[in-house]
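In what follows, a single structure is set out as structure tokens and then discussed.
Quick caveat, the model's predicted, so the values are computed rather than measured. Convention: sequence-line order gives letters A, B, ...; per-chain numbering from 1.
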Number of protein chains: 2
Amino acid sequence: MPTERDDAVDVARPVADADATVVDGRQPPSARVPLDRNRIVDAAVGYIDEFGLPGLSMRRLGGVLGVEAMSLYRYVSGREALLDAVVDSIMDQMHRDEDVLARPQDGWQDYLQRLAHGVRRVALAHPKAFPLVASRPPEAPWLRPPLRSLAWVEAFLDGLRSEGFNDTATVSAYRAFTSFLLGHLLLEVTAHGGDVGPLDVLEDSQNSQDLGKTLTPYPVVSRLGKALAEDHSAVEFEESLEDLLNRIALMRAES
Amino acid sequence: MPTERDDAVDVARPVADADATVVDGRQPPSARVPLDRNRIVDAAVGYIDEFGLPGLSMRRLGGVLGVEAMSLYRYVSGREALLDAVVDSIMDQMHRDEDVLARPQDGWQDYLQRLAHGVRRVALAHPKAFPLVASRPPEAPWLRPPLRSLAWVEAFLDGLRSEGFNDTATVSAYRAFTSFLLGHLLLEVTAHGGDVGPLDVLEDSQNSQDLGKTLTPYPVVSRLGKALAEDHSAVEFEESLEDLLNRIALMRAES
DNA sequence: CCGTAAGGGTTACACCGTAAGTCACATGCG
DNA sequence: CGCATGTGACTTACGGTGTAACCCTTACGG
């Protein structure tokens, strides 16, 4: 019994409702254009890139896809799983972008350089999404269900093993490399407006803009503020990466 | 038209309704024990430490404090502000724990060691909360409203300035130090059961535990899994920190 | 004794994730 | 051809969330 609610629904109803009983007979065979998991995940990534993670809801994502929220549940088991898939998708983007994950060919140093820059490029391409990636790392796959973005981990470990790293050196290098990327890119990305705050997207515009010289009890901070805000992090990334590679070289030698 | 919904509200109504008018006359002066912002924030920190960030809701937090959710809004302007306050509180805990933030006395190297270990101790003390801290760094205080955990930043910058670092070296050191801590501690903490990021799942216990030898298409990962899961990260922290200090020494010299 | 304001409770609303049921159509089989 | 079956999307419904707006009780200063 349809109960005819006061129908305040003002969203655009796509199609196929009011006249379902009429002849219609107009649709070519597959008018349904079934959505698939990839379309959903891609839409989610796009939404996060544009509006940020907090605004992403199942209903809203459904709206983007011209579909009711519940339809998504046929392809993703829930919001959490969707976010996992988003993380995976972003990480696998490296694989598509170019051969970042290919076995080392010019020695492990260049290999790690490629890897690092690949990840950095991905992070900067999705500043709003990267904190999400960072906050759910490969999910300790060696315990529990597994399945996060293991292709990356596998490529790293395998690549180093094939370059003369023994097991312990490989593991140490993995940890050093990972934490380096995590720290650097998180910092870089949040400086670039990658926020995690829930729904401030709309506008926070000007309030209390008369902070001309409001009392800041932190003199050094306020003096160095401009310098801190500046963005030569690309250079710093390069330098830190070089140091990291030196350290990894020591690990390899010590093995 | 209000339509008089079927009013099925069956929640337990607590107290203080039927007999409010009676004499009572028993309460000593301040029976209300007014809650204040600190009590709220502390309760929030405690809740996150115990149950994780995702489960924290205003109503639940109110319940912990024996208060209705809406009463919290008199002290914190909303959930987001509350989380900001939690981050601040955790960061300021360093200040209380001991004199981590005191000006350098044994040279800047020992100062930075103290700082690093102070932060690490805080991170390990609140593994469930640290990802939250990491995901909202000092909020680029030099732009916009400011006010995150600037005491820490100020201490760092001031400490280094007083130890012969010029401005650019100080800023570079700050960035290197911060990203180092971010990366290392995030990794360490999430390995220790730190919860996932911003606003996520409540609880998903064991499902599909029969992963006896499910097909893992990642041979190296599964072989090195045990080693990756092991936890000698304290040692690694120490070693990486030492290398970092060397790098910072170079920055100081180059200035 | 009466403002008056603060501390807290109560109601209401829009939105969220999602379990469960339904309906339209495509495709198989007899 | 008719009918069973399955699939993909829509609909309804429920409990939970953050929070705006209002109400009530108490404390206290005049």
Discussion item. Less than 4.0 angstrom between a side-chain N/O of Ser71(B) and OP1 or OP2 of dG9(C), yes or no?
Written reply: yes
Practice prompt. Report the base-pairing partner of dC23(C) (Watson-Crick or G-U wobble, both distances below 3.5 angstrom), or none.
Written response: dG8(D)
Worksheet item: Heavy-atom distance under 4.5 Å between the side chains of His126(B) and Ile48(B), does that happen here?
Response: no
Discussion item. Between Glu188(B) and Arg120(B), does any side-chain N to carboxylate O distance fall below 4.0 Å?
Written reply: yes
Worksheet item: Could you state the CG-C1' distance from Leu83(A) to dC16(C), rounded to the nearest angstrom?
Response: 14 Å
Response to the item:
Rounded to whole Å, CG of Leu61(B) lies from P of dT19(D) at a distance of 13 Å
Practice prompt. Measure the shortest side-chain to side-chain distance between Asp88(B) and Val41(B) over non-hydrogen atoms and say whether it is less than 4.5 angstrom.
Written response: no
Worksheet item: Starting at the 5' end of DNA chain D, which residue's closest nucleotide do you reach first, Arg59(A) or Arg74(A)?
Response: Arg74(A)
Discussion item. Output the rounded distance in Å from CE (Met58(B)) to C1' (dC16(C)).
Written reply: 17 Å
Practice prompt. Mind calculating the distance between CD (Glu80(B)) and C1' (dT19(D)) to the nearest angstrom?
Written response: 13 Å
Worksheet item: Tell me, do Val67(B) and Ile40(B) make a side-chain contact under 4.5 Å, heavy atoms counted?
Response: no
Worksheet item: Do any side-chain nitrogens or oxygens of Tyr75(A) fall under 4.0 Å of OP1 or OP2 in dA9(D)?
Response: yes
Fill in: Tyr73(B) OH - dG9(C) C1' separation (whole Å)
15 Å
Fill in: Distance, rounded to the nearest Å, where Arg79(B) contributes CZ and dG16(D) contributes P
16 Å
Fill in: Residue pair Leu61(B) / Leu82(B), side-chain heavy-atom distance below 4.5 Å
yes
Discussion item. Counting only side-chain nitrogens and oxygens, does Arg60(B) get under 4.0 Å of the OP1 or OP2 atom of dG16(D)?
Written reply: no
Worksheet item: Whole Å only: how far is the CE atom of Met70(A) from the P atom of dC16(C)?
Response: 14 Å
Response to the item:
Picking from dT10(C), dC16(C), dT11(D), the nucleotide nearest the side-chain atoms of Ser57(A) would be dC16(C)
Discussion item. Without decimals, in angstroms, what is the distance between Leu56(A) CG and dG17(C) P?
Written reply: 8 Å
